[in-house]
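To start, the structure itself, in structure tokens.
Because the structure is predicted, anything quoted here is derived from the model rather than measured. Because only heavy atoms are used, hydrogens play no part in the values below, and waters and symmetry mates are left out as well, while side chains stay in.
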Amino acid sequence: MKKVVSPCLCEIGGAVKARAFCKIEFSADGRLSISGVIGPMRGGNCKGSAGQCVDEIRAGEPTDGWTAEMLQKFCDIWDAWHLNDMRPYCQHQKELGWDKLAGKAVTLYNYTLSTEASQKKRAAENAALDALRKGETFAPTEEQVRYASLPYGITTHEELSGDATKDYQPKKPLYAGDKGPTESKTIGWLHPSEHPDGILGKPCPVCGYQYGHEWKKEEVPQEVIDWLFNLPTTTVTPAWV
């Protein structure tokens, strides 16, 4: 099933308004897909956003038999059920609230070895290589073993303190877009080994499915499908949608 609707007019640049169109598709195997475009033009461009522009459409002015309540409900359904066959969670995990929990943002702290610690690490490695080249037995000191095993960079879920600060310093970005001393990630993209709250790969306590290991399909309620396909069909033909 396929339907094109025009739920609202959206502001472009704070002044001009453009008509928004949305395409609703529900496949025979139960996959719901919703996409939109604001102000489509004949040349294939558009005056506003296109694709998953639900936020812009949510803020639009209802038109063509739509009400503000209908517009908000449509956008809620869009957020909740678009691509329902690409769920990272099982039904049990959803019942436990993991679908909402996955969006929780946490801070990670990035560190690099200090200049002094880097020099000690290289010195220990060079000493071992020098002994190898000479065919000699290398008996490292405890300090050499410790520094040779230190990684050049680490990421932690909490700030370093105590002795650890002697060897590591907050990371400085080396180029545009490089990670700095901190970064924010959602726990749905973090393994428990990366952050204690991380749920990526965490097994379901009921069935054992590991969160995010495959795409699961979640059936769209029939009342949702009925409501979508009873929406007013657009009376204006879009250049494309």
Tell me whether Trp66 shares a hydrophobic cluster with Val54, the cluster being built from Ile, Leu, Val, Met, Phe, Trp, Tyr side chains joined at under 4.5 Å. yes
State whether Asp76 and Arg58 are salt-bridged, where the test is any N-O pair (Lys NZ or Arg NE/NH1/NH2 against Asp/Glu carboxylate O) under 4.0 Å. yes
Please answer whether the main-chain N or O of Ile34 pairs with a side-chain N or O of Trp78 as donor and acceptor at a distance below 3.5 Å. yes
Please collect all ring-ring contact (aromatic ring centres under 6.0 Å, His included) contacts where either partner lies in residues 209-228, sequence neighbours excluded, each pair once. none
Can you list every pair that meets ring-ring contact (aromatic ring centres under 6.0 Å, His included) and has a residue in residues 163-191, with sequence neighbours left out? none
Could you go through residues 123-131 and list every donor-acceptor pair under 3.5 Å that involves a side-chain atom there, pairing it with any protein atom two or more places apart or in another chain?
| unit_1 | atom_1 | unit_2 | atom_2 | d |
| --- | --- | --- | --- | --- |
| Asn126 | ND2 | Arg122 | O | 3.1 |
| Asp130 | OD2 | Lys134 | NZ | 3.2 |

Just jot down the side chain to side chain contact (heavy atoms under 4.5 Å, CB included) partners of Val224, sequence neighbours excluded, or say none. Ile77, Trp81, Val220, Pro221, Leu228
Return the set of residues passing side chain to side chain donor-acceptor pair (under 3.5 Å) with His157 (not counting sequence neighbours), or none when no residue passes. none
Which residues pass the ring pair (Phe, Tyr, Trp, His ring centres under 6.0 Å) test with Phe21, sequence neighbours left out? none
Is Glu69 paired with Lys73 through a side-chain N to carboxylate O contact shorter than 4.0 Å? no
Are Asp99 and Arg87 within salt-bridge range, i.e. N to O under 4.0 Å? no
Taking Trp240 for its side chain and Gly43 for its backbone only, find out whether a donor-acceptor pair lies under 3.5 Å. no
Should the pair Lys216-Glu214 be classified as a salt bridge under the 4.0 Å nitrogen-to-oxygen rule? yes
